[in-house]
Amino acid sequence: MYLIQAAVPVPLRQLFTYTHDSSLEHGVRVVVPFGKRELVGIVMESKPVGSDQEKAATDGTLKAVQCVLDTKPLIPDELLSLGKWLSDYYLHPIGDTLLTMLPSWLRKNKSEQEIMSLVNQQALKILPEGKDALSTIPANAKQQKRLLNALREKSALLSDVKQRFSNAVINALVDKQWAVQYQQNLEAKVDWQDKLTLGNKPIASREQGAAIGVITSQLTTFSVSLLDGVTGSGKTEVYLQVIETVLLRGRQVLVLVPEIGLTPQTVERFERRFGHPVGVLHSKVSDKKRMQIWLAAKSGKLPLIIGTRSAIFTPFYQLGLIVVDEEHDDSFKQQDGLRYHARDLAAVRAQRLGVPLVLGSATPSLETLNNALNGRYQHLHLSARAGGANPVSQYIQDMRNHPVQGGIAEHLIEKMQQHIQAGNQVLVFLNRRGFSPVLLCHACGHVEMCHRCDRPMTWHKAKRQLKCHHCDAQRGVPNRCDHCHSDSLIADGLGTEQLEQALQGLFPSVSIARIDRDATRTKDALEKRFDEIRAGKHQLLVGTQIVAKGHHFPDVTMVVIVDVDSALFSADLRAAEKLAQLVTQLAGRAGRAEKPGEMWLQTHHPGHPIVQELIHNGYAHVARGLLAERQSANVIPFSVQAIVKAESHEQYKVQKALQLARSALPPAHIISAIGPVQTLIEKKQGRYRMMLIVRASSRKALNLALRHLLSAMTASKEAKQVRWSLDVDAIDLT
DNA sequence: AGCACGCCGACT
DNA sequence: GTCGGCGTGCTC
């Protein structure tokens, strides 16, 4: 008799022990009874029954494994141990962690046969008659000729062919016996190495060459390189050439991209370069396809995987390199359930496998930049822009006492008019990230601050009060500015919708395109909107974050950033970093060499160091300045943090639960706790929300403290009455 | 998370 | 007199 410890998909931080008449390997899936239910569990430990005590348990308290789904483990040890690490680090239940990591096919009660049948794929290959026919094929059979040509060098999976050719074309080739369908075993030995088309590459610039050289000289050990290069400096070419070297050595490559960055064009570029299908993973890939790619990557059949966040959980036969493009992008952090950061996890995986990690960005996150500056990461620079100098000049619009219409300075409205009349596009950008309205003096720019925390007070319109989100101090709204005694106190609070309306009033004959999450719910709607913009259907573009990601706007010659101040005076300590990244990304994406553009930042604080640095010295300087501030305030990345969030219909319950959480923490000299304080969005769907920020100087101390907190929370009645969650390395304060 | 048990209000 | 509301408790 054996004791089997299994991870079961429930939100409980423990394994469950079952009995079985034989030993089971780690990673084997089993069906186990669980309460009144049957669940698919994953074997984590297996040992023979030893002590009498254990023997007694086998015929009493323990239940038996119901059935074993796999004859050999489908889940490799590497993933299993990564799962354990994740569960420990993010303090997330192990069963749910594995659930998040694995394709849904493995979590459902799918038999081994059913899963393995996926690796026997229908494929299409050309016959000698087909090759002969290529020269004699009638001119009107265009598609048939195209498909034959595609098959000439190598056969293709039927599912891939079907995406590009109709059934009629495929059937025609089979009927004429020019091509034949056959079973291809995707688990067969690695065979792509000699099929790659390599060497077809542009000559690298001196800087690119240097970066490629540094990375490829150490492909057999763990290292992290930050590829720090402005938009258009050719980061992708560096990736491609490094990837080529890795593939040549028979190793696989994983490329992670932000959610919005994975376009068909990107995939095509990789496929064209290497002449081999790429495994593509994102939220829209079907469960079946996902399972296929998972198996193909695991067996070594797929040389290259490109995917979003969750692709970091792909198993590999022999991984040789991980690339994370646009590493600063927040979409790499999962915001619910297992709140992992794919970029951080990429570093963990690369280290465990002893392979290099390349992080690319024009605007590196402060976490990554700090690691590059302190020498933990290699810092590789690409400064040259392929098309010459940055075509966008940046200016400050001083808003103090300046007449404003619809949130835009009159001076800029005139300029916008000129640009539109010249046949160009104008982009009006509203920065709403980490937005919390502050009380601002329109005459002098003074912002009402908390006397205790020296942080801006948040304006609560309904309660007619100012509140500090750091210490919960509050006071009434003053009538006059504390500083210059002017009575023109204003609160910013414009949304994209209102902005669009106001602009339509100002420019009645102009077509306005709104680009934000609300207007473009689906990815298709977003693509469609971008196509319209490229086609010149709209002259005025109004957008949020989303426009700064991935897309180029060649006809935009003027960019207006409406509200810089809300980022300078945000309760979110990352707001300034995000603003700097946005402005820089936008500047890189608007205009082109022969059509120089201008960018305007509207602010009541023209002298603010962040604004000044951004305009005159660029992101790299701002980022270093922000890092220095973070260091003196001893916040991330100079300390580590986690956030406990709670919500309930009753506000006092939220307070109580988080206060209990706080009281479970070690003393203040080890851990500093802030809160319970307001979340940036205080009430959502009728539920009051608050958070407790927990800071420590080391990951170890934080982890330990959170374990105390967790055991107190799971045992307490107060916590059971609220919805609560724990977010290690949290970046979301909403 | 599910899925039970359990003890109080409006219905055949 | 039952049906069903969701509070509390357990799952090897």
Side-chain angles (χ1 to χ4, degrees), chain A residues 1-69 80 83-84 86-87 90-109 287 310 334-340 644-654 656-657 660-661 685-688 710-727:
Chain A
M1 203 57 112
Y2 285 80
L3 293 180
I4 308 295
Q5 295 210 289
V8 176
V10 287
L12 298 170
R13 288 161 223 276
Q14 56 175 284
L15 295 173
F16 289 84
T17 311
Y18 294 88
T19 59
H20 191 62
D21 51 20
S22 64
S23 178
L24 292 172
E25 286 183 74
H26 300 176
V28 163
R29 295 173 310 135
V30 287
V31 176
V32 291
F34 196 81
K36 297 266 156 172
R37 296 178 288 166
E38 282 172 17
L39 297 173
V40 176
I42 292 157
V43 175
M44 301 301 280
E45 291 300 333
S46 170
K47 62 167 185 181
V49 172
S51 67
D52 290 347
Q53 196 190 341
E54 283 172 356
K55 240 174 224 144
T58 54
D59 44 57
T61 54
L62 296 184
K63 289 184 188 174
V65 168
Q66 199 155 84
C67 71
V68 180
L69 287 171
L80 233 40
K84 273 190 237 165
L86 272 163
S87 165
Y90 289 105
L91 297 159
H92 195 77
I94 179 69
D96 198 52
T97 301
L98 292 174
L99 194 90
T100 311
M101 295 172 70
L102 297 173
S104 62
W105 270 49
L106 290 178
R107 302 165 350 208
K108 292 186 205 137
N109 199 338
D287 290 349
S310 65
Q334 177 130 73
Q335 295 296 11
D336 53 76
L338 172 65
R339 297 165 128 88
Y340 66 97
V644 187
K645 281 177 226 169
E647 59 178 55
S648 158
H649 290 288
E650 270 98 14
Q651 193 162 23
Y652 76 94
K653 285 186 177 171
V654 181
K656 258 180 117 175
L660 178 122
Q685 291 153 3
R687 270 189 277 269
Y688 295 92
L710 226 46
S711 54
M713 286 292 268
T714 42
S716 87
K717 272 205 158 119
E718 286 90 334
K720 283 199 182 83
Q721 301 191 345
V722 301
R723 266 202 215 170
W724 62 275
S725 64
L726 172 62
D727 188 351

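The figures that follow rest on heavy atoms only: side chains count, while hydrogens, waters and symmetry mates do not. For clarity, every value in this text was computed on a predicted model and none was experimentally measured. Chain naming here is simple, since letters A, B, ... match the order of the sequence lines and numbering starts at 1 in each.
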Can you check the [X] [atom1] to [N] [atom2] distance for me, whole Å?
X        : N      : atom1 : atom2 : result
A:Ile94  : C:dC12 : CD1   : P     : 18 Å
A:Leu24  : C:dC12 : CG    : P     : 18 Å
A:Arg13  : C:dC12 : CZ    : P     : 19 Å
A:Glu650 : C:dC6  : CD    : P     : 15 Å
A:Glu718 : C:dG7  : CD    : P     : 17 Å
A:Leu98  : B:dA1  : CG    : P     : 18 Å
A:Leu15  : C:dT11 : CG    : P     : 16 Å
A:Leu39  : B:dG2  : CG    : P     : 9 Å

Closest non-hydrogen atom pair between [X] and [Y], with its separation:
X        : Y        : answer
A:Tyr688 : A:Val654 : O-CG2, 3.5 Å
A:Gly95  : A:Ala7   : CA-CB, 4.1 Å
A:Ile42  : A:Gly27  : CG2-CA, 4.0 Å
A:Ile94  : A:Gly83  : CD1-O, 3.8 Å
A:Ser46  : A:Tyr2   : OG-CD2, 4.4 Å
A:Pro93  : A:Pro11  : CG-C, 3.6 Å

Output field: ring centroids A:Phe34/A:Phe16 closer than 6.0 Å: yes
Side chains of A:Leu69 and A:Val40 in contact at under 4.5 Å (non-hydrogen atoms): yes
Non-hydrogen side-chain atoms of A:Asp96 and A:Val10 separated by less than 4.5 Å: no
Closest to the A:Gln721 side chain, choosing from C:dT8, C:dC12, B:dA1: C:dT8
Sugar-phosphate only, base, or nothing, as touched by A:Leu12 at under 4.0 Å among non-hydrogen atoms: base
Dump every N/O contact between nucleotides 3-9 of chain B and the protein below 3.5 Å, one line per pair.
none

Positions of residues 25-34 of chain A (non-hydrogen atom under 4.0 Å from DNA chain C), listed by number: A:Pro33, A:Phe34
